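These numbers were taken from a predicted model, which means no experiment stands behind them.
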Amino acid sequence: MTEFPKAYEPQSIEQKWYPIWETLGYFQPTGPNRPYTIVIPPPNVTGSLHMGHALQHTLMDALSRCRRMQGRRVLWLPGQDHAGIATQVLVERQMKAEGLKRVELGREEFERRVWKWKEESGGTILRQMRREGASVDWTRERFTLDPDLSRAVREVFVRLHEEGLIYRGAYIVNWCPFDQTSLSDLEAPKREVKGHLWHIAYPIKGSSERIVVATTRPETMLGDTAVAVHPDDERFKHLIGATIALPLIGREIPVVGDETVEREFGTGAVKVTPAHDLSDFQIGQRHGLPHVVVIDQTGRMTVDAGERYAGLDRFEAREKIIEDLAAQGLLVKTEDYTHSVGHHDRCGTPIEPMISLQWFMNVKPLAEVALQAVRDGRTRFVPAVPWTRVYEDWMENIQPWCVSRQLWWGHRIPAWYCDNEHVTVSRVDPAECASCGSKALRQDEDVLDTWFSSALWPFSTLGWPDNTEDLRQFYPTNDLVTGYEIIFFWVARMMMMGLKFMNDVPFDTVLITGIVRDANGEKMSKMKGNIIDPLDQFDKFGTDAVRFALASMAVGSNDMTVQESKMESARNFANKIWNATRFVCMNLGDPKGQPAAKWVPSDALADRWIRVKLNSAIEQVTRAFEEYRFHEAAQTLYHFFWDDFCDWYIELSKPLVASGEDSPEVRNARERIAYVLETSLRLLHPLMPFITEELWQRLPHEGDSIMVAAFPIVETGLDEAKSREQMETLIALITKVRNIRSEKNIPLQSRVKLHLAVSDKDTAALVNENSHHVKRLARVEEIFIADRLPALEEAVRDVVGGIEVAVPLEGLIDPEKERARITKELVRKEGEARGLASKLDNLSFVERAPRDVVDQARNRHGELIAEIETLRSSLGKF
RNA sequence: GGGCGGUUAGCUCAGCGGUAGAGCAUCGGUCUUACAAACCGGGGGUCACUGGUUCGAUUCCAGUACCGCCCACCA
């Protein structure tokens, strides 16, 4: 027999199995049955594995493995995202160390360097995924910049452009002055900033009147082209149409009336800078105001800001302008003011809203379709609350998507311009302008938002725009597992693109997970330095243990805190599985050539009971996976295996299984225990793939790998209730005796006598048939069963499950203490009985409560009364 | 400004219309023929607060307090 160490050592076993599985092709979809598909959320090529991946991959792998064992044709498709800004910035930073600059290198050379970086250093995460045990099909690995996927991107861009849904125009965008690119709204989340609200007086021309405006951004005043007031505002009504001489720069600008102005806010008058603020831009559109750009792409003031300010950083300019206004007596008031300002989510730079010529996508029409698909349940979120509504709200209020980025790493926009500024958008690089035939074409310098290609992931990875076999088979995919932080970035956009180009939803179910936080409940980040590396955890506890711990914490989309204690507990569980199998193997002999164990029918209580428990574990785990309640699956497995199987069934089986004999009875007992164990391993496999494979191979089994063995199936027609009740009674009895022993400090070696009084025949028979178990597990040398307890001088008395118990313990009984103990128990039981009695006396309870609740209360009350009686009488014995 | 979530044992969290559970920690006892990463036994909670619905509320509803999250063009 193979060597069987006393403790589970994960490392070598994990290393052994993954390559075997991969080589044997188990990760590839096979078989004639219904496909089951998951596409992985493609991690950034720059990324390395973090706990969030470990969690999500565990769930995806558990689902994949479970479905695979259930016979589905499973495809879990892996891949990576080119991660535009992240990657470009990273490579630029590396180049900087060598004294190289991107612009000096030129576009082609830079791109070459990024590809080189990708080949050498990218894809760390893919290697790490092997350690997770992720059963992804590596033969179908994809990268968003693969030629096929790039072709899909172009196809989508061109088609949307043809339909007028993608267009080029000058609008206000979120501009990052640090990275010098435009951003989508999602990449520019608002952050609270403590600032000021400055009240500035603008003099009215040809009048002594002034109009005071309030602003948080005085530097933009140099670009003001109007002041707006509410048209019905009595304070300012008469000034509409008047002309203002803009301070510091002297430009003449009008006062306009606009209904969006809040009369209550600030001074009720707003300075309007159409080139640097979205709402001002819109006011400008309504009133035909000119745009004066005063801040450039680097965040510095332009020449149009006037020579006094030109070249200054926007924040330096702010201070200088405030000083200058104060000096001229135009600064009326300065208030502290906290407001929200967009910041680039990657670099943290405050966004500069800026008018800019960019490519946009009108997503509204696609959003309506995507909204409908969720409303009528073609795609559903799990948990449905709150994510369905979060998704719907966003889709309902969706704004045009700025898709162009001023970067070099990404899908270059397939638009070409001739000298006449005609635009040619084309699937293939055009030779001439589509409008004028000019051969002097230059391609748009910009690339697409990274998320543009991610949005196509569920079909671009399967071969679209070609109608491939994979596409027909695996689209739509089944489950998408991802975090709530990218519902808008990714999930929503896949929905829109999938429905638009495949005419079907990209996935049936979106499983939203929570965030894995550190032990203090804080979000992990490189900045904070509180990252917990899953690989360290794998080293420390074993991959299966970490997977199991993560799954056991995955409740809905709740965030979770990493708990070392959970990891330890899961590691101990793995060790428990190891040793239980070790025990069974020690008694089975060589598994080679032995067929897989079958259940040998038995009337013995323990056998009937474990079968019921196993069956209900199968039922619960199966349902838990179906309903994505991973913590419930983990919990069921843990308690079934440890409490029921190890603590009771193995212990009860030992006399036969470990007897060393070779009788039919013993062989059958061994077969049964092997059966339960082997089935349990299959049930555990989706969450703990490595250890279950290793142990399964050491047991008699059929087939080459547990990966492709059948997932356990629920049986029907077992004598559920009776077996459970009887076993519960037996367990309660044994526990009671152990309890008495423990309280009286009876050493393990000394056996006690046990007197039982049982009134009903069934219970008497039950105890009789299982008395050898009671003797062994409660360390009892002799059991006396009668209708009534005999008179005993010195004994501990108690009652459990309708059985009167007495343990004679000469010289160890302190009557006072016994009396106190029993009295305490009496008080508790009497209290409970009183509560039940008053409930049962309550007519409306008896009439309105469900029948079984009333019956249950009645039975419990009866039991209590009997037990109280018994306790009272034993009280008299002291 | 709008929306959402949380508050349960010392800690981290499940659960739920019928007087509460887990893991860890804690206390006591064990080398009992798989496992000390184990075994056996025990203690510990007025389920944030206030009302309401109900025969019955930790669970449903409303409000309060504290903590947290998301969305938003009041400058």
Using whole Å, report how far CD of A:Glu392 lies from C1' of B:rC4. 14 Å

Would A:Lys576 pass as a cation-pi partner of A:Tyr638, given that its NZ or CZ must be under 6.0 Å from the six-membered ring centre and within 45 degrees of the axis? no

CZ of A:Arg751 versus C1' of B:rU32: gap in Å, rounded? 8 Å

Whole angstrom is fine here: how far is it from OH in A:Tyr638 over to P in B:rA14? 18 Å

Summarise how protein sits on nucleotides 67-75 of chain B as a single string, 5' to 3': B when a protein heavy atom is under 4.0 Å from the base, S for sugar-phosphate-only contact, - for no contact. ----SBBBB

Would you kindly give the CD-to-P distance between A:Gln563 and B:rA22, to the nearest whole Å? 16 Å

Of A:Ala849 and A:Gln635, the one whose nearest nucleotide on RNA chain B sits closer to the 5' end is A:Gln635

Distance check needed: B:rA14 C1' versus A:Phe548 CZ, whole Å only. 14 Å

Return one dot-bracket line describing RNA chain B 5' to 3' (Watson-Crick or G-U wobble pairs, both distances under 3.5 Å; ( ) same strand, [ ] crossing, | another strand, . none). (((((((..((((....[..)))).(((((.......))))).....(((((..]....))))))))))))....

Whole-Å C1' distance, B:rG51 and B:rG15: 25 Å

I need the CG-C1' distance between A:Asp559 and B:rG6, as an integer number of Å. 11 Å

Cation-pi check, A:Arg493 onto A:Trp401 ring (under 6.0 Å, within 45° of axis): yes

Could you tell me whether A:Asp233 and A:Arg263 have a side-chain N and a carboxylate O separated by less than 4.0 Å? no

In 5'-to-3' order, the base (B), backbone-only (S) or no-contact (-) status of each nucleotide in nucleotides 33-43 of chain B, using a 4.0 angstrom heavy-atom cut-off, is BBBSBSSSSS-

